[in-house]
A.B. asks: 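Mind looking over this structure? Questions follow.
Just so it is clear, the values below take in all heavy atoms, side chains as well, and ignore hydrogens, waters and symmetry mates. All values derive from a computational prediction rather than experimental measurement.
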Amino acid sequence: MGFRNLKQKTAYMLFLGVIIAGCGADAPVGSGSTELTRQIEMVEETTESFANAMLDLSVAVRNGNTAVVRQHVADSIVAQPFPSVRGPESQVRAWILQNSWLIDDPASKISGDEWVDGLEVFRDTFSVIEDVRFKVKKSALASDGDTVEARVAFWLVGRNQQGRREKASAMAAAEGRLDAAGQWRLERFVLDRFDSMVAERDLFAEIAEPAGLLAAYQPTVGNAGPAYAAYGVAVADLDSNGFLDLLVTSAQGNNLYMNRGDGSFEDIADEALVRSVPTTCLAPLFLDYDRDGDQDLFLSAIGSQVLFENRQIPDGELRFFDVSLESGVARDAVGFSAVAGDVDGNGYADIYVTSYNRYGEILPDRWDGAENGTPNLLLLNQGDGTFSEVAAEWGVASRKWSYAASFADLDADGDLDLYVANDFGGPNHFYVNVGDHFVDRAADLGVADGGYGMGVDPGDFDNDGDLDLHVTRMSSTAGHRILSRLGADQLPSRERLQIMAAGNALYENLGNGRFTEVSSTRGPFSGGWAWGGGFVDIDNDTWQDLYTPNGFVSGSSLKDT
């Protein structure tokens, strides 16, 4: 069974979790749990239909298609007119302002035309509109079977009439009813919060095309095999000119962008001999494995792992030569990422490869704590140009569908520890370095986690001098919607399932070797189908911010993203 989007994957896992909770992990599927699953699916089908109608409404508002917007609204609706006047602004960050929109209270029955007209007036307060969403957060099916009661989040992202980037967001109590033609129409949309975040200045601008970095790839849905995962980037100053260069992997061939120092880049992948690699490479990693002063290139791969030696030193020209076989790194794995660090203290960089599995061909054996992934690799640098694979001997050959890892001295004892984020409920690994091997202490140190682990990054978010942890994992509105319909007696595993749909996690280092999760008080960090990401001081204020890329396979509508 494959999944096209986050909702499908998470909903499937939740349904399976209900069955396991009802029957026991080792028991056959019983009639009670099957009936419960059937009931959930029936309710979810109807409420998801309403949620999809709200996404159609989102597109119509974004495109300014008033006629289509009107089709989604009943002739009369209990609501306040959409606001058109902003309240006073207040400073919440050095470059971010906040304001509340002035809304009428209480709501009353108004005509559908009046509500749509107000929405158009609100829309016109923006000069540019990039995104509009009516997102169903919670929903329930009324007894008549044709009415959905819901909590709906609304947001609009764009630029206001002053040209400043703005995100307006609101929450509303909504009701929708199916009409005789099978069209969902809003009959209630009562706002209880409406505010905006406004950027006083732009911190970033998209310049890929003028910088020479724009590349067009075949749509993911048209790729065969594992090509959906064949995209990664590594950054290093390869020619020692003081500017950072980029290596980008793709299913259509790699790109090596050399920084000219004037804001533009030149692709020299062909000249540097890294354009084509006879395997599907995912995550590139630059490291000076031979300690000759230049950056070499390791490529984690689905298949045999790849190592290129940079011959700029001593040859004087930037060329990479494949030394995978003679170096001993040509080990088979489903390598989704790689990190480097000197774990044995011999002065040479070692490499850890997180090995997933061929998802789609093979499904995880559990919804929570799958263990039928492929073994991770630890390539120990011998200092003579060769590596030995010692993951089993060092206790880090996990088979938990590992996705990402990070080396860091998390316990401040002077050596590198290893944190590994695992997919499909983990739990994650916190491997403490004890000299000649690692010991997994994730559970007793408070960082075992248990979501769909897709990334990890250490950083000092509270500026107290020790390393905290940010773990990227998935969040699911559909998952929360399903969970809200079940009581604790029906779902003993509710707490575990909530973690798997909650979003990213932030762990604070307590300074005594232990960590505590502070996601709810410092966040929350809902990132959808999130990957990688981590700490970066975006606005140069000495505090670590968080960035999370997200998304997966996108179809032709918002319903398929």
A.B. asks: If you measure from CD1 on I351 to OH on Y289, what distance do you get to the nearest 0.5 Å?
C.D. replies: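 Nearest 0.5 Å value for the CD1-OH distance: 9.5 Å.
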A.B. asks: Could you check whether T354 and S402, counting side-chain N and O atoms only, form a donor-acceptor pair closer than 3.5 Å?
C.D. replies: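 No, because no side-chain N or O of S402 sits under 3.5 Å from a partner of the opposite role on T354.
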A.B. asks: May I ask you to establish whether R522 and F461 are in a cation-pi arrangement, using a distance under 6.0 Å from NZ or CZ to the six-membered ring centre and at most 45° from the ring axis?
C.D. replies: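 No, a cation-pi geometry is absent between R522 and F461.
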A.B. asks: Could you label the plane-to-plane angle of the F438 and W394 rings as parallel, tilted or perpendicular, counting under 30° as parallel and over 60° as perpendicular?
C.D. replies: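 Because their plane-to-plane angle lies in the 30° to 60° range, the rings of F438 and W394 count as tilted.
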A.B. asks: Go through T548 and N504 one step at a time and tell me if the side chain to side chain donor-acceptor pair (under 3.5 Å) criterion holds.
C.D. replies: CA-CA 9 Å; T548 298; N504 299 345; 3.1 Å; yes
A.B. asks: Determine, stepwise, if the pair F387 / L307 fulfils side-chain contact (heavy atoms from CB on, under 4.5 Å).
C.D. replies: CA-CA 11 Å; F387 291 80; L307 179 64; 3.9 Å; yes
A.B. asks: Does the side chain of N160 come under 3.5 Å of the side chain of E166 through a donor N or O and an acceptor N or O?
C.D. replies: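 Yes, E166 and N160 have a side-chain donor paired with an acceptor closer than 3.5 Å.
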A.B. asks: Any luck finding a side-chain donor-acceptor pair between D457 and H470 under 3.5 Å?
C.D. replies: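 Side-chain D/A pair, D457 to H470: absent.
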A.B. asks: Which atom names give the shortest non-hydrogen contact between A505 and E517, and what distance separates them?
C.D. replies: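 Heavy atoms of A505 and E517 come nearest at CB-OE2, 3.7 Å.
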A.B. asks: For S406, enumerate each residue passing the side-chain contact (heavy atoms from CB on, under 4.5 Å) test, keeping only those at least two apart in sequence or located in another chain.
C.D. replies: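 V456, P458.
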A.B. asks: Indicate the atoms forming the closest heavy-atom contact of R164 with A199, along with that distance.
C.D. replies: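 Looking at all heavy atoms of both residues, the closest pair is CB-O, 3.5 Å.
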A.B. asks: Quiz question: by atom type and distance under 3.5 Å, do the side chains of N428 and Y419 form a donor-acceptor pair?
C.D. replies: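 N428 vs Y419: donor-acceptor pair found between side chains.
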A.B. asks: Looking only at side-chain N and O atoms, does D290 offer a donor or acceptor that is under 3.5 Å from a partner on Y348?
C.D. replies: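 There is no such pair (donor and acceptor under 3.5 Å, judged by atom type) between the side chains of Y348 and D290.
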A.B. asks: Within the 4.5 Å heavy-atom criterion, are V343 and N433 side-chain neighbours or not?
C.D. replies: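 They are in contact (side-chain heavy atoms under 4.5 Å apart), so the answer is yes.
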A.B. asks: Pick from D239, L238, L244: which one makes a side chain to side chain contact (heavy atoms under 4.5 Å, CB included) with N241?
C.D. replies: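 Filter result, single survivor: D239.
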A.B. asks: Any salt bridge linking R165 with D202? Criterion: basic side-chain nitrogen under 4.0 Å from a carboxylate oxygen.
C.D. replies: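 No, this pair does not count.
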A.B. asks: Give me the ring orientation class for F430 and F515: parallel if the planes are under 30° apart, tilted from 30 to 60°, perpendicular past 60°.
C.D. replies: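 Ring orientation of F430 relative to F515: perpendicular.
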A.B. asks: Can you name the side-chain contact (heavy atoms from CB on, under 4.5 Å) partners of R331, sequence neighbours left out?
C.D. replies: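 Applying side-chain contact (heavy atoms from CB on, under 4.5 Å) to R331 gives L377, L379, E389.
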A.B. asks: May I ask you to check if R151 and F134 form a cation-pi contact, with NZ or CZ under 6.0 angstrom from the six-membered ring centre and within 45° of the axis?
C.D. replies: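 Judged by the rule, R151 and F134 form no cation-pi pair.
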A.B. asks: If you look at every heavy atom in L299 and L247, which pair is closest and at what distance?
C.D. replies: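 Reported closest heavy-atom pair: CD2-CD1, 4.4 Å.
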A.B. asks: Using side-chain hydrogen bond (donor to acceptor under 3.5 Å, both in side chains) as the criterion, point out the one residue from Y359, Y356, Y452 that pairs with D423.
C.D. replies: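 Result: among Y359, Y356, Y452, Y356 is the only option passing the side-chain hydrogen bond (donor to acceptor under 3.5 Å, both in side chains) with D423.
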A.B. asks: Check side chain to side chain donor-acceptor pair (under 3.5 Å) between W101 and all other residues, then give those that pass, not counting sequence neighbours.
C.D. replies: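 Per chain and number, W101 pairs via side chain to side chain donor-acceptor pair (under 3.5 Å) with S196.
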A.B. asks: Have N376 and Y352 got a donor and an acceptor in their side chains that come within less than 3.5 Å?
C.D. replies: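 There is such a pair (donor and acceptor under 3.5 Å, judged by atom type) between the side chains of N376 and Y352.
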A.B. asks: Is it true that Q98 and Q91 share a donor-acceptor pair across their side chains at a distance under 3.5 Å?
C.D. replies: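 No, no side-chain donor-acceptor contact under 3.5 Å.
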A.B. asks: Assess whether a salt bridge exists between E130 and K167, defined as any Lys/Arg side-chain N lying under 4.0 Å from an Asp/Glu carboxylate O.
C.D. replies: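 No, no charged N to carboxylate O under 4.0 Å.
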A.B. asks: Going by atom types alone, do T279 and S304 pair a side-chain donor with an acceptor below 3.5 Å?
C.D. replies: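 No - no donor-acceptor pair under 3.5 Å links their side chains.
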A.B. asks: Taking atom types as modelled and ignoring hydrogens, do the side chains of D539 and W95 form a donor-acceptor contact shorter than 3.5 angstrom?
C.D. replies: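 There is such a pair between these side chains.
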A.B. asks: I'd like to know if R291 and D296 make a salt bridge, using a cut-off of under 4.0 Å between side-chain N and carboxylate O.
C.D. replies: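 So R291 does not pair with D296 through a salt bridge.
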